[in-house]
Amino acid sequence: MTSTVQDLIDVAAQSAVDAGRLLRQRFGAPMQASTKEAAHDVVTEADLAAEELIRAALHGADARSTVVGEEGGRQHGATVGADEPVWLVDPIDGTYNFVRGIPFFCVSIGLRIAGRTVGGCVYDPVHEELFTAADGCAWLNGARLPARTSAPSAPPLVLCDIPNAGGPPPTAETDLLAALLTAAADVRRLGSSALALAYVAAGRADLAANADVYDWDTAAGRALVTATGGGYLSHPDPLPTRRRGSFVAWAPAYETLGRAVGEALHTDSLAETR
């Protein structure tokens, strides 16, 4: 049985790579997708197979593990204790991209112990990029990611899927998007919160945010961002697994902008949509 955070993350990372291999084999092939809550919120057989593979590996690493997955819900290990590993698993973050043949999706596995997010991994199987975080350090394919500097870029690159699809957007969401554009931010919609967070950690983006996410979408990315000196806020904290919440994460130079976005996401009008 493994015990240290790094040991656990090593197992999670290998399971993410193994699941990613399965996803890469099925990517681009004809597949059936079932709609969940919205037309763009779908699940495939690949999601289910990948999550089953990951669950088996995590329970094998530590039988005390509790695994909370997007598709399979919450499953406890042999015992339950305050210091047990709690895993937040999204077998395909960006499933709609996956289904449509867009090569931008990932496996995301976050680790929480005693209520603290202590590590995680995000694996992009198309580009074979493995982001990992443990004990306050982060790596990309085994190379240490340096802490982000405080030097800002101009304009800031913001990754978000706001406003969300599925109906007329709340005024608060359109107002937030307009405010970001007015502030000369370069705003891009990518369809994967986990990869957006990994990109902030790696210095490819300056801020990531979303108003329609669950805990498994961001737990791993949160560990990556904070390990490289960035900040993270969510409403609520931690994010729910039975209803959606919102988050924002930022590189050090963008704390003021990040906190302003977080405040906007915490308005009553946005809260009513989740």
Side-chain angles (χ1 to χ4, degrees), residues 35-43 47 51 67-74 86-98 104-112 117 120-124 131 133 158-167 169-170 172-174 176-177 180 187-201 205 207-226 230-250 258-259 261-274:
T35 300
K36 293 194 282 188
E37 297 181 18
H40 63 286
D41 189 8
V42 296
V43 60
D47 293 80
E51 185 169 314
V67 180
V68 185
E70 178 173 13
E71 310 308 337
R74 186 180 187 94
V86 178
W87 299 97
L88 292 307
V89 177
D90 191 342
I92 311 180
D93 188 53
T95 305
Y96 198 53
N97 287 343
F98 176 76
F104 195 84
F105 57 88
C106 67
V107 181
S108 179
I109 306 172
L111 173 60
R112 190 169 293 138
T117 303
C121 60
V122 172
Y123 181 58
D124 175 349
F131 302 85
V158 178
L159 305 178
C160 74
D161 298 320
I162 299 168
N164 294 292
E173 288 190 18
T174 54
L176 175 57
L177 179 60
L180 288 170
V187 181
R188 304 189 181 195
R189 299 170 64 94
L190 299 182
S192 170
S193 292
L195 274 177
L197 286 160
Y199 283 11
V200 171
L207 190 142
N210 220 332
D212 196 19
V213 292
Y214 294 101
D215 204 6
W216 45 71
D217 295 311
T218 70
R222 174 181 189 165
L224 288 164
V225 170
T226 56
Y232 174 95
L233 286 174
S234 71
H235 303 293
D237 187 8
L239 284 166
T241 57
R242 296 184 180 275
R243 63 181 180 87
R244 290 179 168 91
S246 63
F247 84 93
V248 60
W250 60 86
R259 291 190 178 279
V261 171
E263 184 63 28
L265 290 172
H266 196 38
T267 62
D268 291 340
S269 57
L270 281 180
E272 291 172 358
T273 71
R274 294 188 289 278

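- Contact detail for G110 and A219: the closest heavy-atom pair is CA-CB, 4.0 Å.
- Under the rule for a side-chain hydrogen bond (donor to acceptor under 3.5 Å, both in side chains), N97 has no partner lying at least two apart in sequence or in another chain.
- Contact between G262 and H235 at its shortest, heavy atoms only, is O-NE2, 3.2 Å.
- Between the side chain of D161 and the main chain of G191, a donor-acceptor pair closer than 3.5 Å is present.
- For the 3.5 Å distance criterion, the side chains of D47 and T95 qualify, holding a donor opposite an acceptor.
- The residue from L197, D93, V107, L224 that alone fulfils the side-chain contact (heavy atoms from CB on, under 4.5 Å) condition with V122 is L224.
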Worksheet item: When you look at I109 and D90, which way does the side chain to side chain contact (heavy atoms under 4.5 Å, CB included) test go after all the steps?
Response: CA-CA 6 Å; I109 306 172; D90 191 342; over 6 Å; no

Worksheet item: Step by step, would you call L111 with V86 a side chain to side chain contact (heavy atoms under 4.5 Å, CB included)?
Response: CA-CA 6 Å; L111 173 60; V86 178; over 6 Å; no

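- Judged by distance alone, the side chain of R189 and the main-chain N or O of P163 form a donor-acceptor pair under 3.5 Å.
- Contact of the D237 side chain with the R222 side chain is registered, since non-hydrogen atoms from C-beta on lie closer than 4.5 Å.
- Residues passing the ring pair (Phe, Tyr, Trp, His ring centres under 6.0 Å) test with F247: none are found, sequence neighbours excluded.
- With values rounded to the nearest 0.5 angstrom, L239 atom CG is found 9.5 Å from S193 atom OG.
- Not counting sequence neighbours, the partners of T218 by the side-chain hydrogen bond (donor to acceptor under 3.5 Å, both in side chains) test are Y232.
- Note: S234 OG to D215 CG = 7.5 Å, rounded to the nearest 0.5 Å.
- The distance from the SG atom of C106 to the CZ atom of F131 is 9.0 Å, given to the nearest 0.5 Å.
- Annotation: the span from L190 atom CG to F104 atom CZ amounts to 4.5 Å, rounded to 0.5 Å.
- Rounding to the nearest 0.5 Å places CH2 of W87 at 12.0 Å from CZ of R112.
- Side-chain contact check for C160 versus V187: some heavy-atom pair is nearer than 4.5 Å.
- Taking CH2 of W216 as the start and CD of E51 as the end, the distance is 8.5 Å to the nearest 0.5 Å.
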Discussion item. Before you tell me yes or no, could you show the steps for L207 and L159 under side chain to side chain contact (heavy atoms under 4.5 Å, CB included), namely the whole-Å CA-CA distance, both residues' side-chain angles and the distance that decides it to 0.1 Å?
Written reply: CA-CA 6 Å; L207 190 142; L159 305 178; over 6 Å; no

